[in-house]
J.: 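My structure is below; once you've seen it, I'll send some questions.
Computed from a predicted model, the values in this text were never measured in an experiment.
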Number of protein chains: 2
Amino acid sequence: MMEHFDGQEAWAAALRAHGRRVTKQRLAVLAAVERHPHSPAESILAAARSELPELTAQSVYVVLGDLTDLHMLRRFEPPHSPALYETRVGDNHHHAICISCGRVEDVDCAVGHAPALRRTGTLMPSR
Amino acid sequence: MMEHFDGQEAWAAALRAHGRRVTKQRLAVLAAVERHPHSPAESILAAARSELPELTAQSVYVVLGDLTDLHMLRRFEPPHSPALYETRVGDNHHHAICISCGRVEDVDCAVGHAPALRRTGTLMPSR
DNA sequence: ACACTTATTACTACTAACTCACAATAAGGC
DNA sequence: GCCTTATTGTGAGTTAGTAGTAATAAGTGT
């Protein structure tokens, strides 16, 4: 019953810092987004239910919207895809999206670096 | 009963050139998009019904999709907006979208010209 | 001019991805 | 432990479509 303690405390502190109550639903959603970055609300619901089975879809929508407004989560909306969420909010990275399978990959901004586009592999379907 | 004759004949010829049958539904949709560029399917339906009242929404969706596939119409999908359609398909212009009212303005590509961004007015809400 | 074939359109669901209103619950301050 | 009110749950509603099939009519051939 002590797994995820570190992460939970960190998220709880962030919620309190924003004047929000620390609820198991918010912690479950935050943990789920952290475990599955670039996921849509539906997948976040499924992932969060593994640790909080009674969570509802509507709560996930509300929590995701609220935490996004607080900048604790970031939402992005690729065309022809539901909105995706991630916990990485401290920087301004880009997203490379595979046109064939929709997989998303973070691409760091190269501020202060020369852009180094070397071909190290492909971004092709993994499913 | 002879109004729109020129446009109708031109559209009819284009449809035949693509091996499509010339129907009053297609002509009504094409005329509506021409009269109201940058419009969503719902507005196109309303506009087309002024000359063909028995037209249904589903036919408009089918016709718009088919004519878009033929490149007789162009579809573009701004975020948080339904798909918009226009008849201007021969070039590769851009769209400036007002973040406050959603109004869309064509912006020509300046290939072969120096970009000349002079402030001639605003792109603010008209409603 | 008429029949005929099949492209086209209409009608009836059904869907995804949400949003809204309101009742039930529970977190955190006292 | 109680109480206030933020939060969550429940159920219905919305937007912007897609899918499946039946009805219609455009264009071709005679």
J.: Starting from the 5' end of DNA chain C, give me the residue, A:P82 or A:K24, whose nearest nucleotide shows up first.
T.: A:P82
J.: If only side-chain N and O atoms of A:R21 are considered, is one of them under 4.0 Å from the OP1 or OP2 phosphate oxygen of C:dA26?
T.: no
J.: Does a side chain donor of either A:H93 or A:D106 reach within less than 3.5 Å of an acceptor in the other side chain?
T.: yes
J.: Give a yes/no answer on whether the side chain of A:T23 brings an N or O atom under 4.0 Å of OP1 or OP2 in D:dT8.
T.: yes
J.: Taking a hydrophobic cluster as the set of Ile, Leu, Val, Met, Phe, Trp and Tyr residues connected by side-chain heavy atoms closer than 4.5 Å, whether directly or through intermediates, do B:L73 and B:Y61 fall within one such cluster?
T.: no
J.: B:Y61 or B:R20: which one's nearest nucleotide on DNA chain D is closer to the 5' end?
T.: B:Y61
J.: Determine whether A:R26 and A:V29 make a side-chain contact, defined as any pair of heavy atoms from C-beta on separated by less than 4.5 Å.
T.: no
J.: Atom CG of B:L45 and atom P of C:dT9: how far apart are they, to the nearest Å?
T.: 14 Å
J.: Just checking, is any N or O donor in the side chain of B:E105 or B:H38 under 3.5 Å from an acceptor N or O on the other one?
T.: no
J.: Whole angstroms only, please: what is the CG-P distance between A:D69 and D:dT7?
T.: 12 Å
J.: Please check the phosphate of D:dT8 (OP1 and OP2 only) for any side-chain N or O of A:S59 closer than 4.0 Å.
T.: no
J.: Give a yes/no on whether any side-chain N or O of A:Q25 is located under 4.0 angstrom from OP1 or OP2 of D:dT8.
T.: yes
J.: Give A:A83 one of three labels, base, sugar-phosphate or nothing, depending on what nucleic acid heavy atoms sit under 4.0 Å from its own.
T.: sugar-phosphate
J.: Describe the nucleic acid contact of B:A41 in one word from base, sugar-phosphate, nothing, applying a heavy-atom distance below 4.0 Å.
T.: nothing
J.: In whole Å, what is the span from the CG atom of A:L64 to the P atom of D:dT7?
T.: 15 Å
J.: Which nucleotide sits closest to the side chain of B:Q58: D:dT8, C:dG28, D:dA19?
T.: D:dA19
J.: Hey, which of B:L30, B:V33, B:L45 is the one that makes side-chain contact (heavy atoms from CB on, under 4.5 Å) with B:L64?
T.: B:V33
J.: Nearest whole Å is fine: how far is D:dT8 C1' from A:L15 CG?
T.: 15 Å
J.: Mind calculating the distance between CD (A:E54) and P (D:dT10) to the nearest angstrom?
T.: 10 Å
J.: Rounded to whole Å, how long is the line connecting atom CG of B:D66 with atom P of D:dT18?
T.: 13 Å
J.: Rounded off to whole Å, could you give me the CZ-to-P distance for the B:R26 and D:dA26 pair?
T.: 11 Å
J.: Please report, rounded to the nearest Å, how far the C1' atom of C:dT9 is from the CG atom of B:L67.
T.: 13 Å
